[in-house]
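Remarks on the structure that follows.
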Protein chains: 2
Amino acid sequence: MPAKTKRKEKETYSISELAKEFEISTRTIRYYEEIGLLSPKRTSGNQRVFTKRDKARLKLILRGKKLGFSLSEIKEMIEMYDLAGETEQIKLTLRYGEKKLKEIEEKIKELEMLREDLLAIREMLLNRLKELEGQK
Amino acid sequence: MPAKTKRKEKETYSISELAKEFEISTRTIRYYEEIGLLSPKRTSGNQRVFTKRDKARLKLILRGKKLGFSLSEIKEMIEMYDLAGETEQIKLTLRYGEKKLKEIEEKIKELEMLREDLLAIREMLLNRLKELEGQK
DNA sequence: AATGACATTAACGTAAACGTAAAATTTAAG
DNA sequence: CTTAAATTTTACGTTTACGTTAATGTCATT
């Protein structure tokens, strides 16, 4: 009797697999490695091998990008994931994290303001439409 | 008897006044005009004169930037402010506005997810700290 | 009219974030 | 083993969003 029904979850990915999945170029992925955002292992033949962890990290990078963070900012944030274990380091990281949290909450607030602006414009437009339709 | 106590509100601004107020360079402002984001009037001597409206617009541009929109995206959004008056145009603009609204709400959601991530990391770090401090 | 502060256009420079092409390897398939 | 598809590094190119002179012009004061 088969003990594990869990099908052999693919543990690793090639560069083009990730590129396809996230709809980015392989160049982009290599570039992220170049600037230290990713550090995939290599095969005996020197080809990149990405683990689940690498993939999760890439996802985080792309999310950061969508939100307007620069790659260097993203790098700083990502470094919170890889900690030595020194308590001092951890404390510093915590402080840094609080700062980033505030920035993010700031950003959320600003987006909400922008949303309000757009909603106001929408109202304006709807009224204008009514006027124009009314006097047709 | 003086009828109006309202002090002569300054209606216009020079390029450097705006630059100082928003903490950007004059070059940046000229660049925004160059790509059609601003269209200030000119003095007889050809110097730029910015109205309240121009100023409000600049503010919107800068807000968009802080949120990671590209200048061309911002340009699209800004065009919602200047409408012909044609009902068809207005309808199109409304549709476009709905789209932008959804994008913004998407962005807000993603930021909230990012915030959750960071909060989780913080928890992790706090636990780790406790362990380390405990076994000192 | 001359001085100094601020303004103008023109044009070249730059950093970030990739795109793209070339030449050489590696891997998978037959 | 051979071939095609995928990957590698190298290196120059491109776009966006301005920075940075340079050469002149304008404006308010003296």
Side-chain angles (χ1 to χ4, degrees), chain A residues 8 10-51 54-55 57-79 103 107 110, chain B residues 8 10-51 54-55 57-79 103:
Chain A
K8 199 171 38 169
K10 218 218 236 178
E11 287 289 300
T12 64
Y13 312 83
S14 75
I15 191 170
S16 55
E17 280 174 328
L18 283 189
K20 194 165 292 179
E21 179 160 352
F22 290 110
E23 298 185 295
I24 57 180
S25 72
T26 57
R27 170 65 170 110
T28 297
I29 295 177
R30 290 196 191 93
Y31 178 65
Y32 290 165
E33 179 180 3
E34 203 179 314
I35 64 178
L37 283 178
L38 294 171
S39 319
K41 296 283 161 56
R42 301 296 184 117
T43 69
S44 53
N46 198 35
Q47 297 192 186
R48 273 163 263 251
V49 177
F50 298 85
T51 66
D54 292 320
K55 184 177 161 186
R57 186 179 283 227
L58 179 53
K59 195 170 178 179
L60 193 68
I61 296 172
L62 297 177
R63 170 171 298 157
K65 279 215 54 187
K66 281 186 70 174
L67 299 172
F69 291 100
S70 74
L71 292 184
S72 65
E73 285 177 311
I74 292 171
K75 187 170 181 180
E76 289 183 347
M77 296 180 58
I78 270 187
E79 274 158 7
E103 281 178 30
K107 224 161 181 177
E110 295 215 52
Chain B
K8 201 170 38 169
K10 217 219 235 180
E11 285 290 301
T12 65
Y13 311 83
S14 74
I15 190 169
S16 55
E17 280 174 327
L18 284 190
K20 194 165 292 177
E21 178 160 351
F22 289 110
E23 298 187 295
I24 58 180
S25 71
T26 58
R27 170 66 170 109
T28 296
I29 295 178
R30 290 197 191 93
Y31 179 66
Y32 291 164
E33 180 181 2
E34 203 179 314
I35 64 178
L37 283 178
L38 294 172
S39 319
K41 297 284 160 56
R42 301 295 183 116
T43 68
S44 53
N46 199 35
Q47 298 192 186
R48 274 164 261 252
V49 177
F50 297 85
T51 66
D54 293 318
K55 185 176 161 185
R57 186 178 283 225
L58 179 52
K59 195 170 179 179
L60 193 67
I61 296 172
L62 297 177
R63 170 171 298 157
K65 278 214 54 187
K66 281 186 70 173
L67 299 172
F69 292 100
S70 75
L71 292 183
S72 65
E73 285 177 312
I74 292 171
K75 187 169 182 182
E76 288 184 348
M77 296 179 58
I78 270 187
E79 274 158 8
E103 281 177 30

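Quick note on labels: first sequence line is chain A, next is B, and so on, each numbered from 1.
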Set out, line by line, the N/O atom pairs under 3.5 Å between protein and nucleotides 6-13 of chain C.
from  : atom 1 : to    : atom 2 : distance (Å)
C:dA7 : OP1    : B:S14 : OG     : 3.1
C:dA7 : OP1    : B:S16 : N      : 3.3
C:dA7 : OP1    : B:S16 : OG     : 2.6
C:dA7 : OP2    : B:S16 : OG     : 3.0
C:dT8 : OP1    : B:R48 : N      : 2.9
C:dT8 : OP1    : B:R48 : NE     : 2.7
C:dT8 : OP2    : B:R30 : NE     : 3.0
C:dT8 : OP2    : B:R30 : NH2    : 2.7
C:dT9 : OP1    : B:R42 : NH1    : 3.3
C:dT9 : OP1    : B:R42 : NH2    : 3.3
C:dT9 : OP2    : B:R48 : NH2    : 2.2

In whole angstrom, give the distance that lies between atom CD of B:E34 and atom P of D:dT15. 16 Å
Nucleotide D:dA6, atom C1' - distance to CD1 of A:I29 in whole Å: 13 Å
Produce the list of close N/O pairs, under 3.5 Å, pairing protein atoms with atoms of nucleotides 15-17 of chain C; give distances to one decimal.
from   : atom 1 : to    : atom 2 : distance (Å)
C:dA17 : OP1    : A:L71 : N      : 3.0

Check whether any side-chain heavy atom of [X] lies under 4.5 Å from a side-chain heavy atom of [Y], and answer yes or no.
X	Y	answer
A:T28	A:F22	no
A:R57	A:L37	no
B:L62	B:Y32	yes
B:L71	B:K65	yes
B:Q47	B:S14	no

Do A:E73 and A:K107 pass the salt bridge (charged side-chain N to carboxylate O under 4.0 Å, His left out) test, and can you show the C-alpha distance, the side-chain angles, and the key distance before you say yes or no? CA-CA 14 Å; A:E73 285 177 311; A:K107 224 161 181 177; 5.9 Å; no
Tell me whether B:K66 is salt-bridged to A:E103, with the criterion being a basic N under 4.0 Å from an acidic carboxylate O. no
Is the side chain of A:T51 donor-acceptor paired with the backbone N or O of A:D54 at a distance under 3.5 Å, no angle test? yes
Distance check: side-chain N/O of A:S25 vs OP1/OP2 of C:dC18, anything under 4.0 Å? no
